[in-house]
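Data first, discussion second: the structure below is written as structure tokens.
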Amino acid sequence: MTAPAGPVRTRFCPSPTGTVHVGVMRAALYNWAYARHTGGQFVVRIEDTDPARNTLESERHLLDCLRWLGLTWDEGPEVGGPHGPYRQSERSELYQDVAAKLLASGHAYESFSTNEEVDARRRAAGQDPKLGYDNADRFLTDAQKSAFRAEGREPVLRLRMPEEDLAWTDHVRGEVRFAAGAVPDFVLVRGNGTPLYTLVNPVDDALMGITDVLRGEDLLPSTPRQIALYRALTDIGVATGTPRFGHLPLVMGEGNKKLSKRDPQSNFDVYRDRGFLPAGLVNYLALLGWSIAEDRDIFSPAELAEAFDVDSVSANPARFDLKKAEAINATHLRALPVEEFLTAVTPYLVGAGLVADPPTAEQAATLGAIAPLAQERMIVLSDAVGLLGFLFTEDVEIDPAAAEKQLGAGAGEVLDAATAALQALPEWTTAAIETALKEALVEGLGRKPRQAFGPVRVAVSGRTVSPPLYESMELLGRERTLTRLAAARGTATG
RNA sequence: GCCCCCAUCGUCUAGCGGUCCAGGACGCCGCCCUUUCAAGGCGGUAGCACGGGUUCGAACCCCGUUGGGGGCACCA
């Protein structure tokens, strides 16, 4: 059992059905990283053989997610390549041809049994019907086949499984072995003549020269069937060998279950929408089953590609930990050059209606000034909306919880003193504001800084968390600052 | 039920027979810094599932137990 010769060729072959799953994107990432690491190629193929569930819209979305993450493909939809088409719905003739060859060579055979009949036979023999198909149609005579056809039955095509153990050396699990006879002859082509995933996936991998199949562990039990198919395909000259397999650990959710499509945490879009950085998400996703070094877990996509090796992927299932994902992303966010940060964050402010598209000169100036201060206080880009919103509106809306905390007893005194000090200020600069407020509140009222500045912050920004106060006030301007202090004074209870 | 996979701090992991009374990260808890929140600095908390072997020596190898997970379609 040898893999096709030549450079590594990996593939990502999603079925475009609805939402994009984070586990699926992690599989794409590993395939991409392994191809890049080895100097091989990364192929994308769309598995849309189920017209009832597949849509072009979700295909576009899938590709868009790949691009956004930075996982460029060397062959596939939208870029083409020598092994196209890369959409299974456009490859029907190929499958029909291979199916015919498999039948003619005797590797596959026509099977007429219905599920009910198989079940009945299993039960009659005192066996568990869960055992599945019993290989009963392997040696049907022509007369028997004609009789079934005369009844109006249309046969499925099944692969004849070999009478020997099927084993392979898995990239992440080492040797895996399934006993002879454990896997029944399985269906390759439906009764209506359309091919199934079981046929189409290995055929395309063979035709596209895929050398390494890296996929989720949930597909591990289907590997013996595929190995048997590959042998048959090699025998009839369709394949040049059996690829190496690597079964990646599953991505688990909160509980102890595979992160299901139903789970909101599994939806890739939510991370993108919240403003995770591609590099941040790549970094975190890569960590789900792999590590770059003993004492390091922050790295760029390029560094990942440089270092990634499937053979060192862990076999343990990995739980998706949002807190850690956020921490990793925050680190990437802070490391971003200010210009790039601005470019990335502006669409979120535009989307929230806080700044114009493009921002006005004044808005741009404010943004430029606050960006470095905001950057280290954010986890995801959308945090900017709540954190910076107060700078781009006339009247700030005060968060009730913040008011509760800071605008209660004693706040009136602070706001009055701050107002008096700021009104008299000859020049409106960060330094002047700082000096004036410290004199008025800390020295004048004898308050601890914590108590002195809390109410002022809430009055000005509407929240207990904001960019540094003096800078914020300078950017806001004297007029708006004083208006807000007055407004807060009106609601303060003491 | 059958087949297969997995088993180190709460979580992700390093460890591939001695250099491990087990290292890093997230989280959590302190302290420092400090105008809030962060960031940053320092420190702490917490783990080799269990039982047998093999070996001079086991987190690392073997077997079993237990626990967890995945798969058993004319879906992909």
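Chain identifiers are assigned alphabetically (A, B, ...) following the order of the sequence lines, protein sequences preceding nucleic acid strands; residue numbering begins at 1 within each chain.
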- Along nucleotides 71-76 of chain B, 5' to 3', which nucleotides get a B, which get an S, and which get a -, given that the test is a protein heavy-atom distance under 4.0 Å? SS-BBB

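A cation-pi arrangement is present between A:Arg225 and A:Phe186 under the rule of less than 6.0 angstrom and at most 45 degrees off the ring axis. Cation-pi geometry between A:Arg158 and A:Tyr133 is satisfied (NZ or CZ under 6.0 Å from the ring centre, within 45° of the ring normal).
Where A:Pro467 and A:Lys324 meet RNA chain B, the nucleotide closest to each residue was compared, and A:Lys324 sits on the side nearer the 5' end. Each of A:Ser312 and A:Ala182 has a nearest nucleotide on RNA chain B; the 5'-most of these lies closest to A:Ala182.
Base engagement by A:Tyr470 is indicated by at least one non-hydrogen atom pair under 4.0 Å involving a base atom. Across all strands shown, A:Ser291 has heavy atoms under 4.0 Å from sugar-phosphate atoms exclusively, and none from any base. A:Arg457 comes within 4.0 angstrom of a base, heavy atoms only. Residue A:Gly216 is classed as having no contact, given no heavy-atom separation below 4.0 Å to the nucleic acid.
You won't find any donor-acceptor pair under 3.5 Å spanning the side chain of A:Arg319 and the base of B:rU13, going by distance alone. Under 3.5 Å, the side chain of A:Arg463 and the base of B:rU36 form no donor-acceptor pair of N or O atoms.
The only member of A:Leu336, A:Leu342, A:Val345 that meets side-chain contact (heavy atoms from CB on, under 4.5 Å) when paired with A:Gln375 is A:Leu336.
Separating the CH2 atom of A:Trp290 from the C1' atom of B:rU13 is a distance of 12 Å, rounded to the nearest angstrom. Distance, A:Leu288 CG to B:rA25 P: 19 Å, rounded to whole Å. Here B:rU13 presents its P atom at 9 Å from CZ of A:Arg26, a figure rounded to the nearest Å. Look at CD1 on A:Ile298: it is 13 Å from C1' on B:rC12, rounded to the nearest Å. The CD atom of A:Glu326 sits 19 Å away from the P atom of B:rA25 (whole-angstrom rounding). The distance from atom CE of A:Met252 to atom P of B:rG70 is 6 Å, rounded to the nearest whole Å. A:Ile328 has its CD1 atom 10 Å from the P atom of B:rG27, to the nearest Å. Atom pair A:Glu376:CD and B:rG41:P shows a separation of 12 Å (rounding to whole Å applied).
Nucleotides B:rG23 and B:rC16 place their C1' atoms 15 Å apart, quoted to the nearest Å. Look at the C1' atom in both B:rC48 and B:rC20: the space between them is 10 Å, to the nearest Å. B:rC63 and B:rU54 have their C1' atoms separated by 11 Å, with the value rounded to a whole Å. Between B:rA22 and B:rG47, the distance separating the two P atoms is 10 Å to the nearest Å. A gap of 16 Å separates the P atoms of B:rU45 and B:rC29, to the nearest Å. Taking atom P in both B:rU55 and B:rA49, one finds a spacing of 23 Å when rounded to whole Å. For the P atom pair drawn from B:rC6 and B:rC62, the interatomic distance equals 11 Å after rounding to whole Å. Nucleotides B:rG24 and B:rG15, compared at atom P, are 15 Å apart to the nearest Å.
In this structure, B:rA49 and B:rU65 make a Watson-Crick or G-U wobble pair, each of the two defining distances being under 3.5 angstrom. With a 3.5 Å ceiling on both atom-pair distances, the Watson-Crick or G-U wobble partner of B:rC26 is B:rG10. Shown here, B:rU54 forms no base pair; nothing in the strands shown gives a Watson-Crick or G-U wobble contact with both key distances under 3.5 Å. Summarising the base pairing, B:rG1 is matched to B:rC72 through a Watson-Crick or G-U wobble pair whose two defining distances lie under 3.5 Å.
Between A:Lys438 and the phosphate of B:rU35, there is a side-chain N or O to OP1/OP2 separation shorter than 4.0 Å. Put simply, A:Asn316 has no side-chain N or O that comes within less than 4.0 Å of OP1 or OP2 on B:rC6. Of the side-chain N and O atoms in A:Arg334, one or more sit less than 4.0 angstrom from OP1 or OP2 of B:rG40.
The two atoms that bring A:Glu303 and A:Phe299 nearest to each other are OE1-CA, 3.3 Å, heavy atoms only.
No more than 12 heavy-atom neighbours from other residues, nucleotides or ligands sit within 6.0 angstrom of CZ on A:Arg463.
In the set B:rC5, B:rG24, B:rG69, B:rG24 carries the atom at the smallest distance from any side-chain atom of A:Asp295. Ranking B:rG1, B:rU36, B:rU35 by closeness to the A:Asp128 side chain, first place goes to B:rG1. The side chain of A:Ala315 sits closest to B:rC6 out of B:rU13, B:rG1, B:rC6.
Side-chain rings of A:Phe268 and A:Phe276 stay apart, their centers remaining 6.0 Å or farther from each other. Taking the centre of each ring, A:Trp290 and A:Tyr284 stay at or above the 6.0 Å mark.
A salt bridge links A:Arg447 with A:Glu413; the closest basic N to acidic carboxylate O contact falls under 4.0 Å.
Between A:Phe308 and A:Tyr30, the ring planes lie tilted relative to each other; the angle falls in the 30° to 60° range.
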- Query: Can you check salt bridge (Lys or Arg N to Asp or Glu O under 4.0 Å) on A:Arg91 and A:Asp204, steps first, answer last?
  - Reply: CA-CA 9 Å; A:Arg91 298 170 64 82; A:Asp204 281 343; 2.8 Å; yes

